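Basis for what follows: all heavy atoms, side chains included, without hydrogens, waters or symmetry-related copies. A quick note: this is a predicted structure, and the numbers were derived from the prediction, not measured.
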Amino acid sequence: MSKPRKHIGKKFEAIHRSRELAVQFLYSIDVVSNPEQDFEKSINLFLNLDEVSKDDTPEVKNRCYDLASQVYSRKNEIDALLLRTVTGWRPERMVSVDRSILRLMVLEGFMEKTLPVRSAITEATKLANDFGTKESARFVNGVMCKIEKFFEQDKK
């Protein structure tokens, strides 16, 4: 007899929550955009704020930390990819929350490949629905699909 799917659901729920936190953090440092800002101090402060993550497990916080660190360190590389694939929308012109979601999901789905591409597109769209503007989900979905086509053409 197989195990109940509730356990699997909780695992994916925790992973999704770590992505939500990562998007919130990436958005916050993107909006402030202070070159003298210390990443380590900022992420630790963010993850220890009771208003933000008091109910989150250490596993969720650690995954958020890892995701945000990777995006932060590879931001220029991710933005260069966005610039090559999205016509008419330089990364700096995108809505900040959309840009944060795209950076995270491009990293996971296309660069690190820790998530299947279709799942990355779905997750990006869900995050955009939850945190973005009325048009964010459609925009983010379109950008992710263009990036998918770019990688498919690159393989050929």
Side-chain angles (χ1 to χ4, degrees), residues 11-49 51-54 56-133 135-152 154:
K11 178 184 177 186
F12 288 118
E13 186 179 305
I15 292 169
H16 178 74
R17 176 63 181 153
S18 64
R19 289 185 185 117
E20 288 178 334
L21 288 173
V23 165
Q24 290 172 349
F25 174 73
L26 293 166
Y27 168 78
S28 70
I29 62 170
D30 195 39
V31 170
V32 172
S33 192
N34 179 355
E36 296 171 19
Q37 186 173 13
D38 184 281
F39 176 83
E40 289 295 322
K41 285 182 184 176
S42 297
I43 187 79
N44 288 322
L45 177 65
F46 176 81
L47 289 173
N48 290 307
L49 287 173
E51 303 84 42
V52 175
S53 61
K54 70 178 175 188
D56 293 313
T57 64
E59 175 190 11
V60 167
K61 291 180 181 184
N62 289 338
R63 184 167 171 76
C64 168
Y65 178 91
D66 291 342
L67 291 170
S69 297
Q70 289 178 55
V71 170
Y72 187 79
S73 67
R74 297 182 72 181
K75 184 174 75 169
N76 291 338
E77 183 182 354
I78 297 166
D79 284 357
L81 175 63
L82 290 171
L83 190 59
R84 281 196 318 261
T85 55
V86 183
T87 54
W89 284 99
R90 293 186 319 273
E92 62 273 10
R93 286 190 55 226
M94 293 176 186
V95 173
S96 190
V97 70
D98 295 353
R99 183 173 51 239
S100 297
I101 292 166
L102 287 167
R103 284 173 176 161
L104 175 63
M105 299 318 299
V106 164
L107 175 87
E108 281 196 272
F110 297 100
M111 298 171 88
E112 291 295 315
K113 298 181 183 181
T114 55
L115 189 62
V117 170
R118 287 274 133 205
S119 297
I121 293 170
T122 300
E123 184 73 355
T125 304
K126 181 167 179 21
L127 289 166
N129 256 335
D130 293 345
F131 295 107
T133 66
E135 293 82 25
S136 289
R138 209 168 103 221
F139 175 74
V140 166
N141 186 14
V143 170
M144 292 292 288
C145 289
K146 278 190 173 206
I147 293 169
E148 179 184 29
K149 287 178 185 172
F150 174 81
F151 275 92
E152 285 174 1
D154 201 39

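- Two residues are said to be in side-chain contact when any heavy atoms from C-beta on lie closer than 4.5 Å; Phe139 and Leu102 meet this criterion.
- Considering every non-hydrogen atom in both Ser96 and Val31, the closest pair reads OG-CG2, 3.7 Å.
- Note: Leu67 CG to Ile43 CD1 = 9.5 Å, rounded to the nearest 0.5 Å.
- In this structure, the side chain of Lys146 does not engage the main chain of Val86 through any donor-acceptor pair within 3.5 Å.
- In this structure, Glu108 CD and Gln70 CD are separated by 8.0 Å, a value rounded to the nearest 0.5 Å.
- Listed by chain and residue number, Phe151 satisfy the ring pair (Phe, Tyr, Trp, His ring centres under 6.0 Å) test with Phe110 (two or more places apart in sequence, or in another chain).
- Residues forming a salt bridge (Lys or Arg N to Asp or Glu O under 4.0 Å) with Arg118 (at least two apart in sequence, or on another chain): Glu148.
- In terms of the side-chain hydrogen bond (donor to acceptor under 3.5 Å, both in side chains) criterion, Ser100 has no residue partners (sequence neighbours excluded).
- In this view, Asp130 and Lys126 satisfy the salt bridge (Lys or Arg N to Asp or Glu O under 4.0 Å) rule, not counting sequence neighbours.
- Evaluation of the salt bridge (Lys or Arg N to Asp or Glu O under 4.0 Å) rule for Glu112 yields Arg74 as partners, not counting sequence neighbours.
- Once rounded to the nearest 0.5 Å, the distance linking CG of Asp56 with CZ of Arg63 reads 13.5 Å.
- Contacts of Asn129 classified as side chain to side chain contact (heavy atoms under 4.5 Å, CB included), with partners at least two apart in sequence or in another chain: Ala137.
- The two residues Leu81 and Phe150 have their closest heavy-atom pair at CD1-CE2, 3.6 Å.
- Not counting sequence neighbours, the partners of Phe39 by the ring pair (Phe, Tyr, Trp, His ring centres under 6.0 Å) test are Phe25, Tyr72.
- Considering only heavy atoms from C-beta on, Glu123 stays 4.5 Å or farther from Ile101 through its side chain.
- Thr133 pairs by the side-chain hydrogen bond (donor to acceptor under 3.5 Å, both in side chains) definition with Ser136, not counting sequence neighbours.
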Quiz item: Is there a side chain to side chain contact (heavy atoms under 4.5 Å, CB included) between Met144 and Val106 once you walk through the steps?
Solution: CA-CA 8 Å; Met144 292 292 288; Val106 164; 4.1 Å; yes
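- The line from NE2 of His16 to CG of Leu127 is 5.0 Å long, rounded to the nearest 0.5 Å.
- Listed by chain and number, the residues in a ring pair (Phe, Tyr, Trp, His ring centres under 6.0 Å) with Phe131 amount to none (sequence neighbours excluded).
- Heavy-atom minimum distance, Ala22 versus Cys64: N-SG, 3.5 Å.
- Partners of Arg99 by salt bridge (Lys or Arg N to Asp or Glu O under 4.0 Å), not counting sequence neighbours, listed by chain and number: Asp30.
- Between the CG atom in Leu49 and the CG atom in Asn44 there is a gap of 11.0 Å [rounded to 0.5 Å].
- Contacts of Tyr27 classified as ring pair (Phe, Tyr, Trp, His ring centres under 6.0 Å), with partners at least two apart in sequence or in another chain: none.
- Minimum heavy-atom separation, Leu47 to Lys61: O-NZ, 3.3 Å.
- Remark: Glu77 CD is packed, more than 12 non-hydrogen atoms of other residues, nucleotides or ligands lying under 6.0 Å away.
- Looking at heavy atoms from C-beta onward, Val117 lies out of side-chain contact with Ile147 at the 4.5 angstrom threshold.
- For the atom pair CE of Met105 and CG of Leu115, the computed distance is 5.0 Å after rounding to the nearest 0.5 Å.
- Note on Lys149 versus Glu152: no salt bridge recorded, every NZ/NE/NH1/NH2 to OD/OE distance being 4.0 Å or above.
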